[in-house]
Amino acid sequence: MFPARVLAGAPLALVVLALSGCSSLWHCTDTTAERSEAGARVQVEDTSGQPLGVTAEVVDWRLEPHPQVRSEGDRVHFHYRFDGADERSGPAVDACAVDNERMALGCQTVYSSQAFGPDGALTGDDWLAVEHPEQVAGVLLIPNDQSYDGRTCETDIKDGGGPHPPERASTGDQL
């Protein structure tokens with residue numbers, strides 16, 4: 001009699017397991033946004049390519065030694081501005097020093113939350129270390145918002161998946 005009760009409850013147990021995410025029936029899909037065209041002034045985009053209402057701009061740049069490590073030679077010192085960003089939870093974009101052919105010589109992510117200023121016009125500055133500073137022809141921003149990258153299906157099959165920003169830019173990327 002006992003085995004019959006266990007067998008009768010087995011389908012219910014399988015349904016509970018499936019609904020709780022403990023089943024291989026879960027369908028999870030990751031998508032990665034295409035990298036948008038870099039520029040000195042860009043409209044920041046979400047992972048769907050839709051504008052966020054924020055403009056990011058390289059205000060100026062120059063080659064000079066970093067004051068804390070002068071012995072390492074010239075680095076790219078650049079100033080940037082975010083217009084329309086929230087200083088606490090705003091977007092982030094990749095900034096890259098490029099040569100005349102728009103080949104990335106050095107990149108890093110700049111966050112609007114690290115910039116300061118009144119009325120939604122947030123400014124900041126940062127440094128890029130590049131192997132050959134004499135080759136730098138400019139600093140470009142990639143408009144894809146890098147501020148949030150959720151969990152992937154590989155790391156969390158139940159709650160992961162969905163759209164992700166493109167891979168962060170790195171040295172050697174053609175922009």
Side-chain angles (χ1 to χ4, degrees), residues 30 32-152 154-156 160 162-175:
D30 286 309
T32 302
E34 293 289 321
R35 182 180 290 162
S36 296
E37 186 171 346
R41 180 179 169 93
V42 297
Q43 293 291 321
V44 183
E45 304 172 354
D46 66 13
T47 53
S48 301
Q50 298 300 309
L52 295 176
V54 175
T55 301
E57 177 181 13
V58 175
V59 178
D60 68 12
W61 68 274
R62 64 187 166 279
L63 296 175
E64 61 185 358
H66 190 288
Q68 295 175 335
V69 284
R70 290 191 179 283
S71 63
E72 293 181 8
D74 282 344
R75 293 189 179 188
V76 180
H77 184 202
F78 66 102
H79 290 86
Y80 58 89
R81 174 182 173 120
F82 285 92
D83 285 315
D86 177 341
E87 64 186 31
R88 284 182 227 117
S89 61
V93 295
D94 288 337
C96 297
V98 297
D99 65 13
N100 285 326
E101 280 131 32
R102 297 173 60 106
M103 181 75 65
L105 302 173
C107 300
Q108 70 181 39
T109 304
V110 292
Y111 295 81
S112 62
S113 61
Q114 294 174 335
F116 303 94
D119 304 323
L122 306 173
T123 59
D125 73 305
D126 219 327
W127 299 81
L128 291 165
V130 297
E131 192 171 333
H132 298 285
E134 70 279 0
Q135 294 178 356
V136 176
V139 177
L140 300 178
L141 302 174
I142 300 170
N144 304 93
D145 183 11
Q146 295 285 351
S147 65
Y148 175 76
D149 190 7
R151 295 177 285 199
T152 64
E154 184 179 334
T155 59
D156 186 347
H164 301 279
E167 282 188 36
R168 295 185 188 274
S170 61
T171 301
D173 287 356
Q174 184 70 46
L175 303 179

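Looking at every heavy atom in both residues, Thr109 comes nearest to Ala92 through CG2-CB, 3.7 Å. A pairwise comparison of heavy atoms in Cys96 and Ala169 identifies SG-CB, 3.6 Å as the closest pair. The two atoms that bring Gly90 and Ser147 nearest to each other are O-CB, 3.8 Å, heavy atoms only. Nearest heavy-atom pair, Leu122 versus Ser112, reported as atom, atom and distance to 0.1 Å: CD1-O, 3.6 Å. Summarising the geometry of Gly106 relative to Thr171, their closest heavy-atom pair is CA-OG1, 3.7 Å, with the distance given to 0.1 Å.
Judged as a side chain to side chain contact (heavy atoms under 4.5 Å, CB included), and not counting sequence neighbours, the contacts of Asp74 are Leu63, Pro65, Pro133. With sequence neighbours excluded, no residue satisfies salt bridge (charged side-chain N to carboxylate O under 4.0 Å, His left out) with Glu131.
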*Can you check side-chain contact (heavy atoms from CB on, under 4.5 Å) on Val93 and Phe82, steps first, answer last?*
CA-CA 10 Å; Val93 295; Phe82 285 92; 4.0 Å; yes
*Check step by step if side-chain contact (heavy atoms from CB on, under 4.5 Å) holds for Arg81 and Arg41.*
CA-CA 9 Å; Arg81 174 182 173 120; Arg41 180 179 169 93; over 6 Å; no
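The closest side-chain donor-acceptor pair between Glu45 and Ser36 falls under 3.5 angstrom.
Under 4.0 Å is where a charged nitrogen must lie from a carboxylate oxygen, and between Arg35 and Asp173 at least one such pair does.
When the shell of 6.0 Å around CD of Gln174 is examined, it contains more than 12 heavy atoms from other residues, nucleotides or ligands. Environment of CD in Gln135: crowded, with over 12 heavy atoms of neighbouring residues, nucleotides or ligands closer than 6.0 Å.
Shown are Arg70, His77, Arg75; of these, the side-chain contact (heavy atoms from CB on, under 4.5 Å) with Glu64 is made only by His77.
By the 4.5 Å heavy-atom criterion applied to side chains, Val58 and Leu141 are counted as neighbours. Trp61 places a side-chain heavy atom less than 4.5 Å from the side chain of Val136.
No donor-acceptor distance shorter than 3.5 angstrom exists from the side chain of Thr47 to the backbone of Ala33, with no hydrogens or angles considered. The backbone N or O of Leu140 lies less than 3.5 Å from no partner atom in the side chain of Arg102, so there is not a single donor-acceptor pair.
Going from atom OG1 of Thr55 over to atom CD of Glu57 covers 8.5 Å, rounded to the nearest 0.5 Å. In this structure, CG on Asn144 lies 12.0 Å from CD on Glu167, to the nearest 0.5 angstrom. To the nearest 0.5 angstrom, Asp145 atom CG is 8.0 Å from Asp46 atom CG. Of the inter-residue distances, the one linking Gln146 atom CD with Asp94 atom CG reads 4.5 Å to the nearest 0.5 angstrom. To the nearest 0.5 angstrom, Asp125 atom CG is 7.0 Å from Tyr80 atom OH. Taken from CZ in Phe78 to CG in Leu128, the straight-line distance is 4.5 Å, to the nearest 0.5 Å.
Using a 30° and 60° split on the angle between ring planes, Trp127 and His66 fall in the tilted class, from 30° to 60°.
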